[in-house]
There are 2 protein chains.
Amino acid sequence: MPQAPAAQAGRKPSRIQLRNRKRILEAALEVFSTHGYRGATLDQIAAEAGLSKPNILYYFDGKEEIHVTLLNQLLDAWLAPLHAIDPAGDPLDEILTYVRRKLAMSRDLPRESRLFANEILQGAPRMGPHLESVLKPLVDQTSMIIQGWIAAGRLSPVDPRHLLFSIWATTQHYADFEAQVGVLMGEVDVHAGASAHLEAMFGRLLRPNAAMG
Amino acid sequence: MPQAPAAQAGRKPSRIQLRNRKRILEAALEVFSTHGYRGATLDQIAAEAGLSKPNILYYFDGKEEIHVTLLNQLLDAWLAPLHAIDPAGDPLDEILTYVRRKLAMSRDLPRESRLFANEILQGAPRMGPHLESVLKPLVDQTSMIIQGWIAAGRLSPVDPRHLLFSIWATTQHYADFEAQVGVLMGEVDVHAGASAHLEAMFGRLLRPNAAMG
DNA sequence: TCGCTTTTTTACCATTTGGTAAACTTACGA
DNA sequence: TCGTAAGTTTACCAAATGGTAAAAAAGCGA
C-alpha cells in the first residue's frame, strides 16, 4: 500500500515531509491563533502555507489533527519555564525569573499564547485530558515547592495556585489582549513598563516581612 | 410598508418584541461566549432561544448585528465599576473595592467575560472603534485620578495603566480560564481564595510605605 | 367580529467548507 | 535511466450555514 504519510508513526519522515509539515504548522498557528479553531479554514491555512488544500490533507488527517498537534507541541514549550524553577534556588529570585520568562514569552510568542487562550476559553475541548495529565501534576509539584519555601519563612505566605494564576494572567494578558493594550497604551514601550510593574508587584507580594522577632 | 421590526429605531417595541429580543440576546450570549463569533451558528442560537432561525432574523438583521448588540450592551456594564471609582474616596479602599467588584463580575457573569475575551483575542474586529471612543477616555480619566493619589503620597507609585491591566487580567482570569482553573483547583471554593489572594496582592502593591520622615 | 398589522412557519437558496478520488508529476535509489 | 514510491494537483461532493421569499397564523384596536 503506497502513499499514506499523513500520520504514519513507522517510517522516518523525508526532507520534504519535514519541511512541509513545519510550513503547515507555522501557517496553522498564524490562522488558528487569530480566528480560533472554528474560525480558521483549511483554505486559509493552505494559502498561508503556500500549499493546496488537498496537499495539506496529505500531511495531516484533518483540521482537528493539525490543531491538536499544535496544541500539544505548544504545551511543552509553555511549561518549560515552570520546569525551570529550582527548589534549591533563592525563592524570590526563582519566582521573579519565572515571571520574567513568562512575560518574554508573551512578547516573543504571542500567537502561541492566543492559541492556548482560545482553546481554554472554549472549555479546552481538545485539550482537557492533556491539562489533567501534564499540567496538573506539574502545578501540584510546583505548589509543593512554594509551600516549602513559605513554611521555611523564605516567602510571604500566599496560596501557590492563586499565585500561579496571577502570574499567568498578568503576563499572558499582554499577548492575549494585545488589541486592547494597544488602544490604551499607544506607542509606548509596553514590555518595559510591564516588566517593571510585574516585578514590583510580585516582589512586594512575596518578599517576606524582613525581621519579625 | 408593513413588517420590518428588525432594527427600526422609530416605533416603540411591542411586548412580544421586547420578550423575544431579550430571549435571543440571552441565547446568543450563551452560544457566542462558548464558541466564539465564527463558532456560533444561528441554528444553535435559535434552538437555545426556542425560536426558528427565520424568526430570529425577523428581530435582528443578521448574525453580526446580534453579536455587536451584545458586545456594546456588555461594555457599559463592564465599565460600570470603573466609573464608580470616587476621586474623593480613600485611594486604597477605592481600588480594592474595584478589584472586588471585578472579581464578583467574573464569578457572576462569566459568559460576558468570555464573550469580551473572545472579541479582544481576535483583534477586536467588531469593537475596535468602541474601545477607542468609550474605553480609552475612561481609562485616561481613571489614570489621572490614580496619578493624583500617587502624587499626594496616598498610594505607592505604580503605572496606572499597568495596574489596571493587572486587575483586569487577574480577575477575568477566573472566568476566561475557568476550564483550566477547574482542572487545577478541583472542588475548592475558588472565589474565596481568589478574593483573599488578590486583596493581599494589590494591598501590598499599593499601600504607601507608612511613615517616611 | 372585522380588518389590518405583527409574528411565525415552511420551503428554499447560494456559498462556504472539510474532505475525497484519482490522475498526474516529481524525487530518488538501484 | 528506469521504475517505484512520494508528493501534488484537478475536479468534485455532501453537509453546514447565513440568509430570503412568501404564505400562514396570531394579535389587537375599532
Side-chain angles (χ1 to χ4, degrees), chain A residues 1-25 27-28 30-32 34-71 122 125-126, chain B residues 1-25 27-28 30-32 34-70 125-126:
Chain A
M1 55 176 81
Q3 183 257 98
Q8 29 73 295
R11 290 267 157 276
K12 59 184 167 186
S14 74
R15 221 178 322 156
I16 294 179
Q17 228 165 112
L18 244 37
R19 169 171 54 83
N20 282 354
R21 285 183 69 100
K22 190 174 292 182
R23 272 193 196 173
I24 293 170
L25 288 174
E30 182 69 31
V31 178
F32 279 134
T34 6
H35 302 285
Y37 178 74
R38 191 93 186 321
T41 73
L42 285 179
D43 286 302
Q44 276 175 290
I45 296 174
E48 183 82 24
L51 297 172
S52 67
K53 183 167 63 174
N55 203 5
I56 290 213
L57 292 166
Y58 173 73
Y59 289 103
F60 289 90
D61 272 340
K63 186 183 178 181
E64 183 158 346
E65 201 201 280
I66 302 179
H67 194 243
V68 170
T69 301
L70 223 40
L71 238 29
Q122 314 199 342
R126 278 167 278 277
Chain B
M1 55 175 79
Q3 184 255 103
Q8 28 76 296
R11 288 267 157 277
K12 57 183 167 188
S14 74
R15 219 178 323 157
I16 293 179
Q17 227 165 113
L18 243 37
R19 169 171 54 81
N20 283 354
R21 284 182 72 100
K22 189 174 293 183
R23 271 192 197 173
I24 293 170
L25 288 175
E30 182 70 30
V31 178
F32 279 133
T34 10
H35 302 284
Y37 178 74
R38 192 94 188 316
T41 73
L42 285 179
D43 288 301
Q44 277 175 291
I45 296 174
E48 183 81 24
L51 297 172
S52 68
K53 182 167 60 175
N55 202 5
I56 289 211
L57 292 166
Y58 171 75
Y59 290 103
F60 289 90
D61 271 341
K63 186 182 177 180
E64 184 158 345
E65 200 202 280
I66 303 179
H67 194 242
V68 170
T69 301
L70 222 40
R126 277 166 279 276

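So you know, we letter chains A, B, ... as the sequences are listed, proteins then strands, and number each from 1.
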Student: Output yes when at least one side-chain N/O atom of Gln17(A) is less than 4.0 Å from OP1 or OP2 of dG7(D), else no.
Tutor: yes
Student: Does dT8(C) have OP1 or OP2 sitting under 4.0 Å from an N or O in the side chain of Asn20(B)?
Tutor: yes
Student: Do the side chains of Glu64(B) and Val68(B) get nearer than 4.5 Å, heavy atoms only?
Tutor: yes
Student: Which residue, Thr41(A) or Pro54(A), contacts DNA chain C at a nucleotide closer to its 5' end, judged by nearest heavy atom?
Tutor: Thr41(A)
Student: Starting from P on dA26(D), measure out to CZ on Arg19(B) and report it in whole angstrom.
Tutor: 14 Å
Student: Can you tell me if the side-chain N/O atoms of Asn55(A) get under 4.0 Å from OP1 or OP2 in dT9(D)?
Tutor: yes
Student: Within the 4.0 Å heavy-atom criterion, would you say Ala46(B) contacts the bases, only the backbone, or no part of the nucleic acid?
Tutor: nothing
Student: I want to verify a distance call: between dT8(D), dG18(D), dT9(C), whose nearest atom is closest to the Leu42(B) side chain?
Tutor: dG18(D)
Student: Rounded to the nearest Å, what distance is computed from the OH atom of residue Tyr58(A) to the P atom of nucleotide dA5(D)?
Tutor: 12 Å
Student: Main chain of Tyr37(B), side chain of Lys63(B): is a donor-acceptor contact present, judged purely on distance under 3.5 Å?
Tutor: yes
Student: Flag the pair Tyr58(B) / Leu51(B) as yes when at least one side-chain heavy-atom distance between them is below 4.5 Å, and no otherwise.
Tutor: no
Student: Taking only side-chain nitrogens and oxygens of Ser52(A), does any of them come within less than 4.0 Å of OP1 or OP2 of dT8(D)?
Tutor: no
Student: May I ask you to verify whether the side chain of Lys53(B) and the base of dG18(D) hold a donor-acceptor pair under 3.5 Å?
Tutor: yes
Student: Run the side-chain contact (heavy atoms from CB on, under 4.5 Å) test against Pro54(B) and tell me which residues pass, sequence neighbours left out.
Tutor: Ser52(B)
